[in-house]
2 protein chains.
Amino acid sequence: MSQAILIINGPNLNLLGTREPQIYGSTTLADVETAAKQQAADLGVTMHTFQSNHEGAIIDRIHEARGNCQYIIINAGAYTHTSVGVRDALSGVAIPFVEVHITSAQTTASNGLPKAEVPILKDLTIDNITDNVNLINGQCPDPRLKYVLERLTQHLHDFARETRLSHEEWMTGLQFLTKVGQTCTEVRQEFILLSDIFGLSLLVDSIDHPKPPPSTEGTVLGPFHSHEAQPAPNGSLISHDPAGEPCLVLCTLSNTAGTPLAGVKIDIWETDSHGFYDVQYPGRDGPDQRAVMQSDEQGVFWFKAIVPVPYPIPHDGPVGQLLMKLRRHWFRPAHVHFMFEKEGYDHLITALYLRNDPYETSDAVFGVKESLLIDLGTVSAEQAQRYGVPEGSKLISYDFVLVGKAESDGLREANARAAMEKLGLGKMRMWRGLPVPDVD
Amino acid sequence: MSQAILIINGPNLNLLGTREPQIYGSTTLADVETAAKQQAADLGVTMHTFQSNHEGAIIDRIHEARGNCQYIIINAGAYTHTSVGVRDALSGVAIPFVEVHITSAQTTASNGLPKAEVPILKDLTIDNITDNVNLINGQCPDPRLKYVLERLTQHLHDFARETRLSHEEWMTGLQFLTKVGQTCTEVRQEFILLSDIFGLSLLVDSIDHPKPPPSTEGTVLGPFHSHEAQPAPNGSLISHDPAGEPCLVLCTLSNTAGTPLAGVKIDIWETDSHGFYDVQYPGRDGPDQRAVMQSDEQGVFWFKAIVPVPYPIPHDGPVGQLLMKLRRHWFRPAHVHFMFEKEGYDHLITALYLRNDPYETSDAVFGVKESLLIDLGTVSAEQAQRYGVPEGSKLISYDFVLVGKAESDGLREANARAAMEKLGLGKMRMWRGLPVPDVD
């Protein structure tokens, strides 16, 4: 029997010739295998080849080589660095083997950058680390992610430099963020809450969804929107809390030209009379105080709910502890959330707030806007008959106005251009509607 | 039987007269109860009083009132907003009750600020939200936390404004951070790793632990320090990995004046020959490749370990995914971690790196410094005999120098003052060794 050699190629080597050819060349794996087999045949040796992306399959193939292969040549690819199993398999079968790679570790260590552009990441100091981190992150092929991370790194580092952040404070911060992440569940989003109490949520909504008059202003989403709400026809009772004060909600929807908008998807959610959302009750039966509705042909939507109440945001987690340290209260004024979606119109996330709520001007998450304040009304005799609710019961009514997507996109872009100019961040261009540096 | 009234006071009302008297006044709860009892007696009514910080105790007391009290007056304090149980108890016993509060909800809503200083948090915009968030956070009694959060809010908001951060990007970011938090376990700290790959860890170490020559420079802690290391005498074998290449580590410790330092606590950790720390193996028996040692009277410490190997930082989590998106590799050059603690000396967290490692100038966490690079040596015949290791085996030797705490503190403070001046952040003062604004 002639001698036999087994060549094993690990994960992603099947992409050879097509994956990042500037690093790995344009020869395919089939080319390599054919050439190797030809060379082996010329020498009177049998050459077996095998490629797999699966660690277990590579281990199996090594085992199968016992008794029929005299040598193994292996490029375990990424498993080189992590697979104890492949290493043990090679030791186990005791077949002499050679480990090969198609790039030098040094080349890989250049992060794929052309040699001239590889930063020397050594002896980094307070003053030069930011530029170097941005240089190495600058390989990111997505220009937007690259720009966002470049600004993030700059601000993160400036923050540390301006505060002379201590190691202890840094550790406290990381432990706080860890706890925030670990407080999140399927039905609780503590990071949104953290963003809310720092005003970041409102800021992002203001930037991303500019609402030119007369369109309805947006406000914070909050952490309690869920995708569990059931579709409900006009007139539905959406709250089943017997302790809540019944309230008729009667609204219209139009575009900025005043034309009624039919078929708009409307997501509605509020708390029960105790100030809790359905998802805050463990063991609850299903969604309540939530619905997904559609506006009718006249742009009208209406439903029976309860009068909203002020309530504390969840404060038994790290965000609540932080608010306490800051001597801030954790209340939100009474409100009902609304989210509107319609093809051709800018997404509207908003809420209606009851005027004269004790927390009207101190909302823990900064969501209140004058244009979203409403006075609680009273159902008239005519309305009582028409909507099947008691005369004199409570009434919320509001006329929502959606801005067209083209107008909103145009305004967002104009705002972005104006901001870039004002900030003096250098030459910028728009990329998928968002600014990125305009590099030649 | 005369009529009886029960007054119930909830949590923290026992602090009345001592807690934030500017909001709650200086009358104690005992004063109030005595006055109420006196007034009741004058009217021929019996007055019972009860205070508890425990929700359950309040519920019990309400139940006990059945049949012997005709009215309840309750200030449930913070339970007002959260306790369904107290509310149900009051409904259950069906005793007429009055709910009272000693501040108006409006006053509480002012966050405890004197009325003139209460910001009106309404209609916040892209341009004014930062100042308003800082205004409301400005109540924080800790001047350092207040300053750190003021800078954090400014940079966070500037970041969003400069990038025109979209709602989708914001949500992606929060979901990423959530995943980072949820990847953390008792033995894995993904947030430290995230800080590491953004260069923040090295930056904070550089700021907080300035190391004037000739003291040894510090570097990143990394996420794999554990508190499990066992005390080990000089000469201990600290790695039990049979596949590792044995290595004698022979070091001295002195202060900047060259005086040997005895009794320094030294924490040492490295990976095994596969590039994994002990804590990365599920089901491991106990710590390995770790020890806590003490320098001897000559300032010497030595131990038997293995030659360190380059290894990938954990990349099966969100940080690894981010590195991949950024086209960055996840390797660290071969190194051994050291941490030194001694009363009167600045804490030193550092590491020794092998020169000519393929990742010497591209460490994924930016930790390499020229002064911490070492050439792997060879054990001489004399050393072999003295330290009981084979002649010709590998040797790491290094002379560590610790800087005194007073010198380091002075340098840190001088650096902070210089930075504050350069940054033009206004009048600053030092508070517990860290800068805060100097407000009159």
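Just the heavy atoms: all of them, side chains too, but no hydrogens, waters or symmetry mates, feed the values below. Keep in mind the model is a prediction, meaning the values are calculated, not measured. The chains referred to below are lettered A, B, ... by the order of the sequence lines, with proteins before strands, and numbering in each begins at 1.
Pairing each heavy atom of Ala160(B) with each of Leu200(A), the nearest pair is CB-CD1, 3.9 Å. What you find for Lys369(B) and Leu124(A) is that their closest heavy atoms are CE-O, 4.2 Å. Heavy-atom minimum distance, Phe198(B) versus Leu149(A): CZ-CD2, 4.0 Å. Closest approach of Gly199(A) and Val133(B) over heavy atoms only: CA-CG2, 4.1 Å. Nearest approach of Gln139(A) to Arg327(B), heavy atoms of both residues: OE1-O, 3.1 Å. What you find for Ala419(A) and Arg164(B) is that their closest heavy atoms are CB-NH1, 3.3 Å.
Among Thr153(B), Leu177(B), Leu372(B), the residue making the largest number of heavy-atom pairs under 4.5 Å with chain A is Leu177(B). Of all the listed residues (Asn132(B), Thr125(B), Asn415(B), Leu145(B)), the one sharing the greatest number of non-hydrogen pairs under 4.5 Å with chain A is Asn415(B). No other option in Thr219(A), Val368(A), Leu221(A), Leu326(A) has as many heavy-atom pairs under 4.5 Å with chain B as Leu326(A). Top candidate by heavy-atom pairs under 4.5 Å with chain B, chosen from Asp205(A), Thr178(A), Leu323(A), Leu373(A), is Thr178(A). Taking Gly173(A), Gly433(A), Ser195(A) one by one and counting their heavy-atom pairs under 4.5 Å with chain B, the maximum is reached by Ser195(A). Of the listed residues (Gln182(B), Glu162(B), His167(B)), the one with the most heavy-atom contacts under 4.5 Å to chain A is Glu162(B). For the set Ser201(A), Gly367(A), Pro310(A), Ala243(A), the count of heavy-atom pairs under 4.5 angstrom toward chain B peaks at Ser201(A). Contacts with chain A were tallied for Ile129(B), Val180(B), Val436(B), Thr183(B); Ile129(B) has the most, counting heavy-atom pairs under 4.5 Å.
Using a 4.5 Å cut-off between heavy atoms, Thr130(B) makes no contact with chain A at all. Only the side chain of Met171(A) comes within contact range of chain B, judged by heavy atoms closer than 4.5 Å. Heavy atoms of Met428(B) lying under 4.5 Å from chain A are absent altogether. Contacts between Leu194(B) and chain A at a heavy-atom distance below 4.5 Å are absent for every atom of the residue. Heavy atoms of Ser206(B) lying under 4.5 Å from chain A belong to its backbone as well as its side chain. Heavy-atom distances place the side chain of Gln189(B), and not its backbone, under 4.5 Å from chain A. Neither the backbone nor the side chain of Asn134(A) comes within less than 4.5 Å of any heavy atom of chain B. When heavy atoms are compared at a cutoff of 4.5 Å, Ile192(A) approaches chain B by way of both its backbone and its side chain.
Here the rule is side-chain hydrogen bond (donor to acceptor under 3.5 Å, both in side chains) with His155(B), and of Arg151(A), His155(A), His157(A) only His155(A) fits it.
The distance from the CG atom of Leu121(A) to the CG atom of Asp363(B) is 8.0 Å, given to the nearest 0.5 Å.
When the side-chain contact (heavy atoms from CB on, under 4.5 Å) test is applied to Glu413(B), the partners found at least two apart in sequence or on another chain are Arg417(B), Met430(B). Contacts of Glu169(B) classified as side-chain contact (heavy atoms from CB on, under 4.5 Å), with partners at least two apart in sequence or in another chain: Arg144(A), Val148(A), Leu434(A), Leu165(B), Ser166(B).
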